[in-house]
K.L.:
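There's a structure below that I have some questions on.
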Amino acid sequence: MKTRSLTAALAAVLAASVASAASAEPVFNRIASFAVADNLPEGADKAKPTSSEIIAASEDGNTLVYSDSPNKAIGFIDITDARAPKAGGTVAFEGEPTSVTFAAGKALVAVNTRESYVKPSGILAQVDVASKTVDATCDLGGQPDSIALNKDKTLAAIAIENERDEEVNDGDIPQMPAGDLVLLSLKDGVVDCGSIKHVALTGLAEVAGEDPEPEFVSFNGLDEVAVTLQENNHIVIVDGKTGAVKNHFSAGTVSLEGVDTKKDGALKFTGKVEDVAREPDAVKWLDDNRLVVANEGDWKGGARGFTIFDKQGKVLYENGAAFEREIAKIGHYPDKRNKKGVEPEGLEAAKFGEDNLFFVLAERASIVGVYKDTGAEPELLQLLPSGIAPEGAVAIPARNLLVTANEADLVDDGGARSHVMIYERAEGEAAYPQIVSTEKDGELIGFGALSGLAPVKDKPGMLYAVNDSFYASQPTIFTIDATAKPAKIVDALRITRNGAAAQKLDSEGLTPDGEGGFWLANEGDADKLYAHAIIHVNAKGEIDKEIAIPAELRAGEKRFGFEGITSVGEGDDTVLWMAVQREWGDDEKGFVKLVSYKPSDKEWGAVRYPLEKTESGWVGLSEITANGDHAYIIERDNLIGQAAKLKKLYRVALADLKPAKLGGELPVVKKEEVRDLIPDLKATNGYVVDKVEGFTIDAAGNGFVVTDNDGVDDSSGETLFFGIGPLNAM
């Protein structure tokens with residue numbers, strides 16, 4: 001009887017698990033990232049900037065080709081094993097590749113060879129993928145931008161942009177010569193240069209009709225070509241076989257509500273913009289009658305969503321600010337780009353299984369929106385993290401893959417390289433985002449640049465976080481519910497001074513004071529008139545005490561100061577401990593200070609902490625938090641991606657924290673490694689970010705880590721927030 005019951009129970013559990021798996025919705029997750037610099041030719045300077053802008057896939061889905069404008073080349077990536085992409089070599093040109101596609105094992109490359117803006121020129125090159133040689137070239141008679149093929153790959157359409165010079169007349173148009181559309185035929189994948197046909201697009205747009213600047217092209221199943229004229233704010237429908245203009249219409253304007261309109265170091269999604277031109281960039285057909293356009297809004301500025309039109313020009317759906325607001329909820333909103341917003345620029349569309357999907361690439365937010373085409377209002381399924389400035393994407397439905405090409409390479413500033421990122425659609429859970437915000441009093445809580453973490457007393461899974469000086473006009477203490485998945489920011493306490501948003505703060509750490517208020521570690525910066533200090537705020541967020549560092553510390557002070565703060569003890573026995581990020585003038589190389597302050601008697605002290613050594617970059621501390629018998633410390637280098645070597649959690653016994661007086665010999669503490677965080681930072685299959693900034697242990701003894709996304713400024717905007725399990729038993 002017992003055996004039968006056990007068997008029945010196991011069968012029930014198995015049936016339930018099968019039913020759950022069968023009903024699970026497929027999701028995209030990033031499975032690999034490929035640094036374009038890894039594809040530079042042997043002997044090339046690996047520190048040279050690269051780019052992956054437009055990307056395409058071979059017919060079998062095993063090879064990618066991307067345009068690399070700075071290097072005047074295209075690059076190939078072998079994705080036979082999509083989880084382990086391999087460098088496939090490059091082909092160089094005497095010009096700038098602007099767009100790529102595939103036909104019958106050949107890469108077709110549009111190349112800009114212009115002498116100047118007023119003497120535009122370009123070619124279409126046909127490249128044999130196996131031999132990496134150019135088979136043929138066609139003179140396009142102007143500077144090309146986008147290229148597209150029809151479904152049976154017998155026709156090609158190329159937008160000849162003849163782009164404007166942004167230094168002339170404030171970048172306004174008209175600026176001749178005018179652009180047009182090139183059509184040509186292919187046979188068995190081979191281009192027929194003699195079939196080239198130029199389609200004039202002048203006299204159509206209301207904006208500078210004499211100077212059309214075609215931006216993007218796309219074929220539907222009827223061999224009709226949709227052409228966007230971005231600066232002209234116009235869309236043209238052309239018969240791809242005859243070249244006849246079948247229809248054209250203005251992309252129109254849009255008014256937006258609930259947007260952040262000021263570049264002021266604060267996230268306030270309460271503004272409005274009215275009647276701004278959509279300025280369409282990428283376009284994709286959803287079927288033979290409907291097309292979706294990405295409203296980049298990069299020229300005049302303002303539009304920041306996407307629109308679905310029918311080919312007669314009727315607006316079937318307007319996204320408005322909805323996409324951008326969803327992006328803000330995951331911390332990817334670029335405050336420095338408020339006039340122009342997240343800049344939707346790239347698009348892709350494909351059928352995965354039974355789902356018609358399209359993908360919207362937000363260049364300035366480094367996000368890909370995954371939408372399901374319902375025939376009416378599209379359904380947002382996911383927001384995928386991309387590299388910096390996603391420009392192009394290609395779907396490979398036969399392999400359940402999506403690939404993005406990310407344009408920006410910040411090697412000159414020590415930042416992330418250009419990457420190609422690969423996503424797979426499968427049953428499971430979305431790995432990103434790991435933290436999202438909610439609303440408070442009907443207003444969206446914007447966040448970013450999270451720098452310090454602290455626990456909420458007696459509430460497992462509840463944490464506090466603070467932002468740094470990137471949001472100089474909106475210093476905030478956030479409350480995080482880490483029991484939710486993804487974690488949720490459920491409250492925001494604004495930090496004020498004399499009734500206004502507190503200025504001159506760079507809060508890099510926080511710790512509760514036990515009475516509803518907080519102590520903050522403020523990192524100084526003489527250039528910004530910030531002072532190294534300890535700040536106290538009450539339960540209302542009002543600053544009621546600012547404690548400057550003593551003269552003994554000021555004597556050796558440098559830019560990189562307090563990066564974390566924690567408290568040990570209670571009542572009059574409370575001691576605050578601050579971690580100084582890097583060596584100051586009076587520190588021996590390889591040692592930094594852990595500084596103590598006892599509020600009850602205003603006594604300062606310090607110990608010395610030994611830093612790890614690395615071959616490049618600098619090493620410093622990013623956080624300190626006390627729990628049980630130890631103080632836990634994040635130690636990291638300032639390197640990113642493949643160069644990153646040190647992102648670790650250490651601990652020091654509290655019994656070892658015996659501060660000596662400042663100005664004299666300071667004792668050296670012993671540290672113990674707790675966890676290498678690099679595997680955690682690689683878990684979402686992006687590149688390793690540099691700023692592991694926050695760590696704390698909650699009321700249940702579980703550790704949590706957060707990274708600083710620099711306010712999406714020269715950053716992918718990714719905020720990684722993850723738990724590392726129980727630590728109080730270690």
K.L.:
Between Thr50 and Asp409, do the side chains contain a donor N or O and an acceptor N or O under 3.5 Å apart?
P.N.:
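Yes, Thr50 and Asp409 have a side-chain donor paired with an acceptor closer than 3.5 Å.
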
K.L.:
Could you walk me through whether Glu279 and Lys340 satisfy the salt bridge (Lys or Arg N to Asp or Glu O under 4.0 Å) test, starting with their C-alpha distance in whole Å, then the side-chain angles of each, then the deciding distance to 0.1 Å, before giving a yes or no?
P.N.:
CA-CA 11 Å; Glu279 295 178 2; Lys340 299 178 180 180; over 6 Å; no

K.L.:
Counting only heavy atoms not in Lys46, do more than 12 fall under 6.0 Å of its NZ?
P.N.:
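Counting neighbours around NZ of Lys46, more than 12 heavy atoms of other residues, nucleotides or ligands fall under 6.0 Å, so yes.
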
K.L.:
Considering all heavy atoms of both residues, which atom of Leu183 and which atom of Gly240 are nearest to each other, and what is their separation?
P.N.:
CD1-O, 3.5 Å

K.L.:
I'd like to know if the side chain of Arg325 reaches the main chain of Gly258, judged simply by a donor and an acceptor atom lying under 3.5 Å from each other, with no hydrogens or angles considered.
P.N.:
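Yes; judged by distance alone, with no hydrogens or angles, the pair exists.
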
K.L.:
Quick check: does any side chain N or O of Asp60 sit under 3.5 Å from a backbone N or O of Asn62, one acting as donor and the other as acceptor?
P.N.:
yes

K.L.:
Find the distance between CG (Asp713) and CZ (Arg337) and round it off to the nearest 0.5 Å.
P.N.:
10.5 Å

K.L.:
Taking it one step at a time, do Ser99 and Ser146 satisfy side chain to side chain donor-acceptor pair (under 3.5 Å)?
P.N.:
CA-CA 5 Å; Ser99 188; Ser146 166; 4.7 Å; no

K.L.:
Closest approach of Gly179 and Asn162, non-hydrogen atoms and distance?
P.N.:
CA-ND2, 3.8 Å

K.L.:
Under 3.5 Å, side-chain donor or acceptor atoms of residues 186-194 against the rest of the protein: list the pairs with distances, not counting sequence neighbours.
P.N.:
residue	atom	partner	partner atom	Å
Asp192	OD1	Gly194	N	3.1

K.L.:
Could you list all the side-chain hydrogen bond (donor to acceptor under 3.5 Å, both in side chains) pairs where at least one residue sits in residues 379-394, not counting sequence neighbours?
P.N.:
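Sorted pair list: Ser386-Thr404, Ser386-Asn406.
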
K.L.:
Look at the side chain of Asp211 and the backbone N and O of Gln175, then say whether any donor-acceptor pair between them is shorter than 3.5 Å.
P.N.:
yes

K.L.:
Regarding Thr113 and Ser121, is there a side-chain donor-to-acceptor distance under 3.5 Å anywhere?
P.N.:
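Yes, because at least one side-chain N or O of Thr113 sits under 3.5 Å from a partner of the opposite role on Ser121.
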
K.L.:
Distance check, rounded to the nearest 0.5 Å: Leu401 atom CG versus Ile422 atom CD1?
P.N.:
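It is 7.0 Å, given to the nearest 0.5 Å.
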
K.L.:
Give the ring-plane orientation class for Phe323 versus Tyr371, where under 30° counts as parallel, over 60° as perpendicular and anything between as tilted.
P.N.:
perpendicular

K.L.:
Take atom NZ of Lys153 as the centre, draw a 6.0 Å sphere, and report whether it contains more than 12 heavy atoms from other residues, nucleotides or ligands.
P.N.:
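Atom NZ in Lys153 is packed in, count exceeds 12.
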
K.L.:
Which residues pass the salt bridge (charged side-chain N to carboxylate O under 4.0 Å, His left out) test with Asp180, not counting sequence neighbours?
P.N.:
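Testing Asp180 for salt bridge (charged side-chain N to carboxylate O under 4.0 Å, His left out), a comparison that skips the adjacent residues, returns none.
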
K.L.:
What verdict does the salt bridge (Lys or Arg N to Asp or Glu O under 4.0 Å) test give for Arg114 and Glu163, after you've listed the backbone C-alpha separation in whole Å, the side-chain angles of each residue and the deciding distance to 0.1 Å?
P.N.:
CA-CA 11 Å; Arg114 73 181 179 208; Glu163 65 184 349; 2.8 Å; yes

K.L.:
Under 3.5 Å, is there a donor-acceptor pair between the side chain of Asn232 and the main chain of Ala208?
P.N.:
yes

K.L.:
Please answer whether the main-chain N or O of Ala389 pairs with a side-chain N or O of Ser366 as donor and acceptor at a distance below 3.5 Å.
P.N.:
yes

K.L.:
Passes salt bridge (Lys or Arg N to Asp or Glu O under 4.0 Å), Asp373 versus Arg290? Steps please.
P.N.:
CA-CA 11 Å; Asp373 176 23; Arg290 297 176 304 132; 2.6 Å; yes

K.L.:
Give me the atom names and distance for the closest heavy-atom approach of Ile367 to His332.
P.N.:
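Where Ile367 meets His332 most closely, the heavy atoms are CG1-ND1, 3.4 Å.
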
K.L.:
Judged by modelled atom types alone, do Asn150 and Thr154 share a side-chain donor-acceptor pair under 3.5 Å?
P.N.:
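Note: Asn150 and Thr154 side chains meet the donor-acceptor criterion.
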
K.L.:
Apply side chain to side chain donor-acceptor pair (under 3.5 Å) to the pair Ser51 and Ser418, showing each step before the final yes or no.
P.N.:
CA-CA 5 Å; Ser51 183; Ser418 171; 4.8 Å; no

K.L.:
Just how far is it from atom CZ of Phe309 to atom CG of Leu291, taken to the nearest 0.5 Å?
P.N.:
7.5 Å

K.L.:
Find out whether Val225 and Trp285 are in side-chain contact, i.e. whether some heavy atom of one side chain is under 4.5 Å from a heavy atom of the other.
P.N.:
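Val225 does not reach Trp285 side chain to side chain.
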
K.L.:
What is the minimum heavy-atom distance between Val207 and Glu231, and which atoms define it?
P.N.:
CG1-O, 3.7 Å

K.L.:
Would you confirm whether the ring centroid of Tyr66 sits within less than 6.0 angstrom of the ring centroid of Phe34?
P.N.:
no

K.L.:
Evaluate whether atom NZ of Lys268 has more than 12 neighbouring non-hydrogen atoms of other residues, nucleotides or ligands under 6.0 angstrom away.
P.N.:
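For Lys268, atom NZ is not crowded (no more than 12 foreign heavy atoms under 6.0 Å).
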
K.L.:
Is the cationic atom of Lys132 (NZ for Lys, CZ for Arg) positioned less than 6.0 Å from the six-membered ring centroid of Phe76 and within 45 degrees of its normal?
P.N.:
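Positive - Lys132 is close enough to the ring of Phe76 and near enough to its axis.
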
K.L.:
Counting heavy atoms not belonging to Glu167, are there more than 12 under 6.0 Å from its CD?
P.N.:
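It does not: Glu167 CD has 12 such atoms or fewer within range.
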
K.L.:
With a 4.5 Å cut-off on side-chain heavy atoms, are Pro214 and Leu181 touching?
P.N.:
no

K.L.:
Show the nearest heavy-atom pair for residues Val292 and Phe306, with the distance to one decimal.
P.N.:
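Heavy-atom minimum between the residues: CG2-CD1, 3.8 Å.
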
K.L.:
Can Asp128 and Lys106 be said to form a salt bridge (Lys or Arg N to Asp or Glu O under 4.0 Å), step by step?
P.N.:
CA-CA 5 Å; Asp128 182 74; Lys106 309 284 187 179; 3.0 Å; yes

K.L.:
So how far is it from Leu155 CG to Leu149 CG, rounded to the nearest 0.5 Å?
P.N.:
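It is 9.0 Å, given to the nearest 0.5 Å.
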
K.L.:
Just checking, any donor-acceptor pair under 3.5 angstrom between side chains of Lys311 and Asn247?
P.N.:
no

K.L.:
What distance separates Ile123 CD1 from Asp139 CG, expressed to the nearest 0.5 Å?
P.N.:
8.5 Å

K.L.:
If I compare all heavy atoms of Thr202 with all of Ala178, which pair ends up nearest, and what's the gap?
P.N.:
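For Thr202 versus Ala178, the nearest heavy atoms are CG2-CB, 4.0 Å.
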
K.L.:
Would Tyr423 and Phe359 count as a close aromatic pair, with their ring centres under 6.0 Å?
P.N.:
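Tyr423 vs Phe359: aromatic centres not under 6.0 Å.
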
K.L.:
To the nearest 0.5 angstrom, please state how far the CD atom of Glu224 sits from the NZ atom of Lys241.
P.N.:
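Glu224 CD to Lys241 NZ: 10.5 Å, rounded to 0.5 Å.
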
